[in-house]
Amino acid sequence: YIKAENARGKGDYESATAMMTHAVDVFRRACGKDHPSFIRAQGGVADILSNKGLHDEAESMLRKVKKAQKAADMGTDSVEVAYVNNSYAECLRQGGNRDLALDVAEEALAHRQMLFGEINPDHLEILECLNNVNMLAMEAIVPPPESEKKAEKEGGEEDEEGDDVFKETH
């Protein structure tokens, strides 16, 4: 599982998919389908699918993971539920379902605040997701200038003369 997450973090989605799928199989055989590790590994596969741009497949899988969590009685005291809700929000955002993404991200933030308290570095992930959702919602109201759209598409931005300038992203 950890190796798959590392590969995903490096953008090696093919290796990450193979390793995470293997982790799902190992957890299923060793722990059963109701175990939090199995369910989290399934969420990991969905995250990788989302990273690969396969948002419909990822969303479908995350809905199944959420259903499995409910069936396994993983409730509001579960960190795993909080992680999956955040992944679901990000997947919805990437797939363009901004309204539902915002609702799910707000729910995920409230869940994490309940688990960890108001101030915790672990919230940065959800706050970033909420920020992205809000930015996308604003874009629906006021589209970004054409130069920004072109820069995003090409991975850079233009200076005053229209030349591409490398844009560092984090």
Side-chain angles (χ1 to χ4, degrees), residues 1 4-5 7-14 16-18 20-21 23-24 33 36 38-116 120-157 167 169-170:
Y1 180 87
E5 285 295 321
R8 182 174 74 106
K10 293 176 184 175
D12 184 2
Y13 301 130
E14 296 310 313
T17 301
M20 193 64 77
T21 302
V24 166
K33 290 184 177 183
F38 170 76
I39 296 168
R40 178 146 189 204
Q42 283 186 307
V45 172
D47 283 343
I48 295 165
L49 290 171
S50 185
N51 290 139
K52 291 167 86 172
L54 303 171
H55 305 297
D56 291 340
E57 293 90 337
E59 184 180 342
S60 175
M61 183 171 240
L62 284 165
R63 278 195 305 268
K64 289 176 186 173
V65 169
K66 287 173 68 68
K67 190 175 184 179
Q69 287 177 328
K70 193 172 188 174
D73 237 359
M74 295 171 67
T76 56
D77 61 338
S78 172
V79 174
E80 302 299 330
V81 172
Y83 284 118
V84 169
N85 284 343
N86 192 52
S87 294
Y88 187 50
E90 182 63 12
C91 177
L92 291 166
R93 182 193 69 79
Q94 289 176 354
N97 193 343
R98 293 172 182 91
D99 292 337
L100 183 55
L102 182 58
D103 291 344
V104 173
E106 288 172 342
E107 178 185 327
L109 178 61
H111 189 165
R112 284 210 176 169
Q113 287 172 330
M114 183 205 61
L115 290 171
F116 303 117
N120 187 295
D122 201 34
H123 292 173
L124 294 177
E125 182 181 321
I126 292 178
L127 291 173
E128 182 178 316
C129 184
L130 278 173
N131 182 52
N132 289 338
V133 169
N134 286 326
M135 285 176 26
L136 287 169
M138 288 302 296
E139 285 179 8
I141 298 167
V142 180
E146 287 300 316
S147 61
E148 282 185 31
K149 287 182 187 176
K150 182 180 177 188
E152 278 185 15
K153 195 174 192 178
E154 295 175 358
E157 59 184 32
K167 182 178 182 182
T169 58
H170 299 273

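Positions are given from 1 along the sequence.
Rounding to the nearest 0.5 Å places OG of S60 at 14.5 Å from NE2 of H55. In this structure, CZ on R8 lies 9.0 Å from OG on S50, to the nearest 0.5 angstrom. Here the SG atom belonging to C91 is positioned 5.5 Å from the CG atom belonging to L62, to the nearest 0.5 angstrom. The CG atom of L100 lies 5.0 Å from the OH atom of Y88; values are rounded to the nearest 0.5 Å. In this structure, CG on L54 lies 11.5 Å from CD1 on I48, to the nearest 0.5 angstrom.
At a threshold of 4.5 Å between non-hydrogen side-chain atoms, the residues Q42 and M20 do not count as touching. Two residues are said to be in side-chain contact when any heavy atoms from C-beta on lie closer than 4.5 Å; V45 and T17 fail this criterion.
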Under the criterion side chain to side chain contact (heavy atoms under 4.5 Å, CB included), I'd like the reasoning laid out for V81 against H111: C-alpha separation, chi angles, the key distance, then a yes or no. CA-CA 9 Å; V81 172; H111 189 165; 3.5 Å; yes
Checking E14 against K52 for the salt bridge (charged side-chain N to carboxylate O under 4.0 Å, His left out) test, could you report, in this order, the C-alpha distance in whole Å, the side-chain angles of both residues, the deciding distance, and whether it holds? CA-CA 9 Å; E14 296 310 313; K52 291 167 86 172; 3.5 Å; yes
Check the pair L102, E106 against side chain to side chain contact (heavy atoms under 4.5 Å, CB included), reporting the backbone distance first and the verdict last. CA-CA 6 Å; L102 182 58; E106 288 172 342; 3.7 Å; yes
If you look only at distance, which donor and acceptor atoms sit under 3.5 Å apart when one is on a side chain in residues 63-70 and the other is two or more places apart or in another chain?
{"from": "R63", "atom 1": "NH1", "to": "E59", "atom 2": "OE2", "distance (Å)": "2.9"}
{"from": "K66", "atom 1": "NZ", "to": "N85", "atom 2": "OD1", "distance (Å)": "2.5"}
{"from": "Q69", "atom 1": "NE2", "to": "E80", "atom 2": "O", "distance (Å)": "3.3"}

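The shortest non-hydrogen separation linking Y1 to A41 is CE1-CA, 3.8 Å. A pairwise comparison of heavy atoms in A89 and A101 identifies O-CB, 3.5 Å as the closest pair.
Remark: K33 pairs with no residue by the salt bridge (charged side-chain N to carboxylate O under 4.0 Å, His left out) rule, at least two apart or across chains. The side chain to side chain contact (heavy atoms under 4.5 Å, CB included) test applied to D99 returns no partner, not counting sequence neighbours.
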